[in-house]
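Working notes, beginning with the structure itself.
Proteins come first, then strands; the chains are lettered A, B, ... in the order of their sequence lines, and each starts at number 1.
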Amino acid sequence: MVRLRVLQAGRMATTLGLPHLLLLLAVLATGLALLWSVTKSPEGARWSVWLSVAAIASLHQNRNDRPFADRQLEQPMQWFLAEYMLLLTPLWLCIIAHGQLTELLWMLLLIPISILKQPGKHHRLAQLFKLGRLLPREAIEWKAGLRRFYLPLVVINTAGFAAAFYPVALPLSQVLTGWLVMGFFEKNESLPMLRSFELPPSRFLWRKIALHARIYSLISLPPSLIFIFLHPEYWFAMPLLVLTMLVLHTYAILVKYTFYDPQQASPAGGFFRALGGVAALLPLLFPLILLLGIRFYFKALNNIKPLLHDFD
Amino acid sequence: MILIDSISFAWQKDQPLFNGFSLSLTEGEIHGIAGLNGAGKTTLLNILASYLKPDHGHISINGNKPSGKQIAFLETENFFYAYITGREYLQLFKNKHFNDDAWNELFGLPLDELIEHYSTGMKKKLAIMACIRSDKPVMILDEPFNGLDLESSRMLRSLLLKIRASKTILITSHILESLTNLCDHIHYIEKGKLVFSQAKQDFDEIEHKIFRSLEDKHKDLLGRLLDS
């Protein structure tokens with residue numbers, strides 16, 4: 001398994017190419033510097049731990065190699081836990097270095113909980129989830145995504161609404177929901193599904209973006225209105241957050257079709273989508289996302305043009 | 001009529017799979033593409049479905065470039081979003097006149113269940129139903145019988161025979177019997193080359209043509225392996 005991971009990392013580095021690899025290293029270095037500075041205070045360390053737990057929970061629910069690991073490994077959960085702890089090395093090193101031991105304990109407690117199996121009724125609940133039927137027939141990512149992330153979405157949003165009297169609650173649940181929604185655009189559909197839109201490349205992309213913007217704006221309306229009602233002094237925060245998330249989601253859609261290969265997952269696509277996810281926390285990265293988004297628009301058009309050219 | 005005119009295609013620059021490959025497929029008939037594993041069957045279908053672009057040569061369908069408007073394509077492996085229902089998947093393919101429930105009496109799928117709960121055969125049937133729903137003049141079916149049980153295979157065979165008059169249907173299969181029972185023409189390819197094309201009335205010769213040399217080769221190899 002260790003050998004497989006090393007091979008995967010090597011293949012990903014090769015697929016990314018040198019410029020993207022340098023970009024990745026620059027982003028990582030900036031992130032580490034920021035993490036070091038944030039974890040100096042107990043509040044910063046606490047937020048870092050909670051966000052990391054949310055990110056790990058999301059990563060664990062999304063990863064496709066779980067059935068493989070379940071079959072091949074005797075103790076898959078221990079393996080996953082070791083991987084996540086390794087991934088979080090910078091965080092726990094920073095926390096230890098700054099002497100934030102309470103936060104370290106929280107992290108050691110929450111990470112195993114975050115990767116526990118979801119309740120067995122999850123699939124039945126997802127099946128019963130009728131909201132998908134209210135969505136337009138073309139919103140396939142939303143239909144699949146809402147059912148796939150049913151439980152985390154319900155937990156995050158219930159917690160957000162329950163704690164809505166705190167100014168930070170609803171924006172935080174909005175960010176976490178936004179992250180999960182970015183995951184909707186992770187999988188590449190088959191060629192027949194792509195062609196079922198019967199649209200030329202540019203109209204196809206715009207249809208996808210507009211459809212997503214409509215649905216996301218609509219579901220963001222109740223938390224936004226409640227937030228403005230409860231915290232009028234920060235009225236601008238939620239609209240700004242929704243707008244930011246819309247930009248990041250549009251970027252995720254463009255990443256998907258830039259690296260679109262029917263039924264295949266692209267490591268480069270995964271990296272750039274993750275970069276978008278990080279940008280939700282690091283405003284420093286936002287201009288980069290905007291620039292990459294413009295570049296990816298044209299690259300996405302070129303990539304899907306041979307597949308949709310005849311609908312022009 | 002589908003015309004494949006001297007196409008060349010290579011996965012790696014110096015190893016062409018197809019080199020000047022030509023074939024014509026008449027309308028209103030079922031054409032089978034047969035060949036051993038790695039012969040280039042799926043690659044040929046992907047080129048016809050304009051998913052892959054030939055390096056040289058031309059393909060035309062009724063005088064036009066091949067396009068998604070004309071082709072319904074069943075891929076070997078059908079990727080579905082696990083968390084959508086069969087009905088939601090079908091509804092992606094526009095066709096006002098197609099009654100999902102009426103057609104489903106033939107296919108027998110739990111259309112309102114999530115695709116996650118479908119078996120391999122059920123997924124295959126759903127993909128075939130989507131091809132029928134999209135109602136295109138050309139149907140390209142890559143290994144449509146894979147994963148289907150006996151009853152479903154027979155149903156698919158009857159269905160294809162019933163609709164062939166208005167379509168050009170192209171099928172690959174590594175099981176020769178499934179092609180000889182269904183097709184009007186069988187085209188046998190080997191390492192990207194068309195070895196022969198045979199019409200229905202001469203299907204008896206196919207087995208002889210394909211398997212005689214293979215059987216000799218296998219006997220020879222097995223003899224050596226088991227003796228050593």
Side-chain angles (χ1 to χ4, degrees), chain A residues 61-62 64 67 122-151 153 183-201 204 260-265 304-312, chain B residues 45-54 59 61 64-95 100 110 112-118 123 126-136 138-142:
Chain A
Q61 296 307 325
N62 277 315
N64 299 322
H122 168 62
H123 292 315
R124 236 174 300 155
L125 281 171
Q127 198 175 352
L128 292 170
F129 193 56
K130 299 282 192 273
L131 191 62
R133 291 188 187 167
L134 301 174
L135 295 166
R137 76 180 172 85
E138 291 167 342
I140 210 77
E141 290 96 346
W142 271 89
K143 289 179 191 223
L146 283 177
R147 291 183 182 119
R148 186 175 166 206
F149 298 113
Y150 172 76
L151 203 63
L153 280 171
F184 291 6
F185 301 97
E186 179 192 39
K187 290 198 171 183
N188 285 335
E189 62 268 52
S190 64
L191 189 56
M193 286 172 90
L194 184 85
R195 283 181 169 166
S196 68
F197 279 70
E198 300 190 357
L199 288 173
F204 171 82
Y260 174 81
D261 194 2
Q263 313 196 42
Q264 304 289 329
I304 57 174
K305 202 173 179 179
L307 305 172
L308 299 174
H309 69 93
D310 45 307
F311 296 111
D312 264 325
Chain B
L45 297 200
N46 279 322
I47 292 172
L48 276 171
S50 67
Y51 169 40
L52 294 174
K53 206 176 165 212
I59 295 170
I61 296 176
N64 302 311
K65 276 172 85 176
S67 79
K69 279 181 191 168
Q70 300 161 299
I71 297 169
F73 184 30
L74 175 81
E75 293 163 280
T76 329
E77 284 177 36
N78 300 284
F79 173 82
F80 297 95
Y81 279 73
Y83 291 96
I84 58 171
T85 63
R87 192 180 299 281
E88 285 167 350
Y89 177 73
L90 284 176
Q91 282 167 355
L92 277 174
F93 302 88
K94 293 167 199 163
N95 186 345
D100 293 335
D112 292 312
E113 272 196 34
L114 296 181
I115 291 173
E116 192 195 20
H117 302 142
Y118 279 32
K123 284 179 185 170
L126 183 67
I128 293 168
M129 205 167 156
C131 280
I132 306 280
R133 194 184 210 270
S134 59
D135 194 24
K136 303 283 165 71
V138 177
M139 278 178 78
I140 295 179
L141 310 173
D142 196 1

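Within 6.0 Å of NZ in B:Lys94 there are more than 12 heavy atoms belonging to other residues, nucleotides or ligands.
With rounding to the nearest 0.5 angstrom, the CG atom of B:Leu92 is 11.0 Å from the CG atom of A:Leu194. For the atom pair CD of B:Glu88 and CZ of A:Arg147, the computed distance is 4.0 Å after rounding to the nearest 0.5 Å.
Nearest heavy-atom pair, B:Gln91 versus A:Arg137, reported as atom, atom and distance to 0.1 Å: O-NH1, 2.9 Å. In terms of heavy atoms, B:Phe93 sits closest to A:Met193 at CZ-N, 4.3 Å.
Looking at residues two or more places apart in sequence or on another chain, you find a side chain to side chain donor-acceptor pair (under 3.5 Å) between B:Arg87 and B:Asp101, B:Asp112. Every residue meeting the salt bridge (charged side-chain N to carboxylate O under 4.0 Å, His left out) condition with A:Glu189, not counting sequence neighbours, appears here in chain and number order: A:Lys208, A:Lys256.
The closest side-chain heavy-atom distance from B:Glu116 to A:Arg148 is not below 4.5 Å. Side chains of A:Ser190 and B:Glu75 form a contact here, defined as non-hydrogen atoms less than 4.5 Å apart. Side-chain contact between B:Tyr83 and A:Ile140 is absent, with no heavy-atom pair separated by less than 4.5 Å.
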